[in-house]
Amino acid sequence: MAPIDLRSDTVTLPPPDMRRAMAAAELGDDVFGEDPTVNRLEQRAARLTGKEAAVMVASGTMGNLLGILSIARSGQEVITEAGSHVFMSEGGGAATLGGIQLRPLVSDHGVLHPDAVVAAIRPTDDIHQPLTAAICVEDTHNRAGGVVWPLEALAAIRRVADEHGLAVHMDGARVFNAAVALGRPVAEIAAAADTVTFCLSKGLACPVGSVLCGSAEVIARARRWRKMVGGGWRQAGILAAAGLWALEHMIERLAEDHANAQTLAEGLAELPGIEIDLGTVQTNIVRFRLLDRDPRAFVADCRTRGLLGGAQGAAGVRFVTHYGIEATDVQRALEVCSDVLAA
Ligand SMILES: *Cc1c(COP(=O)(O)O)cnc(C)c1O
């Protein structure tokens, strides 16, 4: 039997109809602005997120990098969350390539408190300190366990940004999961942000790709940065076609992933030696702690029984549900966890 792979929603493979759409894509040279499929994807992404313009990029990391480089300058600071992907998992790109310092703040399950953000904004009349340029939010928040920002919390960050003349960048790698969980259009979520990036290559099951959306002016700057980091590409329509197909067919089904994650989390909560905060299981990510076991050993034991997951830190384990994982797989995963804990 094939293993049940719950390591990440990045392991999703393109559905057959997505592959057919890729094979049939109309193509051109995107550096010349002539790939009609890329252009269509960018227009569609801009419309969906309620922004003027968009640029397709290779990855979420590239989208965040270009977003930050386009709203902050060398020597400036961007407020982030301490467990955020931009701060923890993007190789220090904004610092290396942009001379931009990230300022990590502790949060409540990934959701920044507006007072904490206000307190972290640098005074403009003290030459010792860098100037704050922007605030970065992550929705859903990966390390917090796929937690969705309440719309009021996003609006509060927007108000703080407006009061202090700051930009807001949203790392919306899984913003469609947030939209499905809230039952709201993605544009309503993205309204709090000047720039938003989302991944096509996670729950939406595309092989490659992310999109950065924002004002025409900011996206024009991002295109220049994209070229500089080697991200100008040619017949990328073959990838954009997958993205267009996914935006049509893969968003609503994320609800299945959320239901599977819920079942998985509730099942895990019943098992001895597991500590799980069910309140954080809001989308497709399930994080839990092992009370008396090394997570690496647990994950290795699961692997020998055909279940793949990820060990995180001293006690944490992460499972992610996604396209290709069915309710029966969740039941089998729970059996494996139960067997491993009993062994
Ligand atoms: C995966 C992820 C990214 C980066 O996406 P890549 O395509 O892997 O570079 C950014 N932010 C969050 C929250 C993510 O989960």
Side-chain angles (χ1 to χ4, degrees), residues 5-14 41 45 49 54-69 78 80-94 96-97 102 104 107 109-112 135-149 154 168-179 181 186 189-190 193 195-213 222 225-226 229-231 233 236 239-240 242-243 246 250 254 257-258 261 280 282-287 310 312 316 318-323:
D5 195 344
L6 301 183
R7 286 173 301 170
S8 175
D9 46 11
T10 56
V11 303
T12 42
L13 298 176
L41 174 66
T49 56
V55 59
M56 185 190 176
V57 295
S59 66
T61 300
M62 190 188 267
N64 283 333
L65 176 68
L66 304 191
I68 290 173
L69 290 175
V78 173
T80 59
E81 194 278 333
S84 65
H85 200 277
V86 281
F87 183 62
M88 296 298 290
S89 307
E90 298 187 3
T96 307
L97 299 164
L102 298 185
S107 71
H109 299 294
V111 177
L112 292 167
I135 306 163
C136 185
V137 297
E138 183 175 311
D139 192 10
T140 67
H141 195 287
N142 184 343
R143 267 178 191 253
V147 166
V148 179
W149 277 66
L154 287 173
V168 175
H169 172 70
M170 178 179 288
D171 175 356
R174 294 187 183 80
V175 75
F176 289 103
N177 293 86
V186 82
I189 298 171
T195 50
V196 55
T197 185
F198 65 81
C199 289
L200 294 163
S201 59
K202 294 188 172 166
L204 300 185
C206 294
V208 178
S210 287
V211 187
L212 174 69
C213 311
W225 279 114
R226 186 183 68 164
V229 298
W233 46 13
L239 300 172
M250 296 299 283
L254 293 172
D257 300 342
H258 299 179
T280 65
Q282 301 171 8
T283 53
N284 68 327
I285 300 177
V286 179
R287 283 180 188 271
Q312 314 240 298
R318 185 181 85 152
F319 288 140
V320 184
T321 56
H322 52 79
Y323 172 70

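Residue numbers count from 1 along this sequence. Ligands are counted one by one from 1 in listed order, and the atoms in each one are counted from 1 as well.
Residue Thr10 does not touch ligand 1, judged by heavy-atom distances below 4.0 Å. If you look at Ala173 next to ligand 1, the close heavy atoms, those under 4.0 Å, all belong to the side chain.
Here is the list of ligand 1 atoms found below 4.0 Å of a heavy atom in Glu90: 10 (C). Near Thr61, the atoms of ligand 1 lying under 4.0 angstrom from a non-hydrogen atom of the residue are 4 (C), 5 (O), 6 (P), 9 (O). For ligand 1, the atoms sitting less than 4.0 Å from at least one non-hydrogen atom of Gly60 are 4 (C), 5 (O), 6 (P), 7 (O), 9 (O), numbered in the order shown with element in parentheses. Atoms of ligand 1 found under 4.0 Å from any heavy atom of Cys199 (numbered from 1 in listed order, with element): 5 (O). Listed by atom number, the atoms of ligand 1 under 4.0 Å from Glu138 heavy atoms are 13 (C).
The closest non-hydrogen atom to atom 8 (O) of ligand 1, taken over His141, Lys202, Arg174, Arg143, comes from Lys202.
Side-chain N or O atoms of Ser107 include none that pairs as donor or acceptor with a backbone N or O of Leu112 at under 3.5 Å.
When only non-hydrogen protein atoms are considered, atom 11 (N) of ligand 1 lies nearest to Asp171 OD2, 2.6 Å. At the shortest separation from atom 4 (C) of ligand 1 among protein heavy atoms lies His85 CE1, 3.4 Å.
Residue contacts with ligand 1 do not include Met62, since none of its heavy atoms lies under 4.0 Å from the ligand.
Side-chain N/O atoms of Glu138 and Ser84 include no donor and acceptor closer than 3.5 Å. Side-chain contact check for His258 and Asn177: at least one donor-acceptor pair (N or O, by modelled atom type) lies under 3.5 Å.
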Could you give me the CA-CA distance, side-chain angles and deciding distance for His169 and Thr195, then say whether side chain to side chain donor-acceptor pair (under 3.5 Å) is met?
CA-CA 5 Å; His169 172 70; Thr195 50; 2.8 Å; yes
Test Arg174 against Asp9 for salt bridge (Lys or Arg N to Asp or Glu O under 4.0 Å), laying out the working first.
CA-CA 10 Å; Arg174 294 187 183 80; Asp9 46 11; 2.8 Å; yes
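Taking SG from Cys136 and CG from Asp171, the interatomic distance works out to 6.0 Å, rounded to the nearest 0.5 Å. Rounding to the nearest 0.5 Å places SG of Cys213 at 11.5 Å from CE of Met170.
Met62 and Val229 get closest at one heavy-atom pair: CE-CG2, 4.1 Å.
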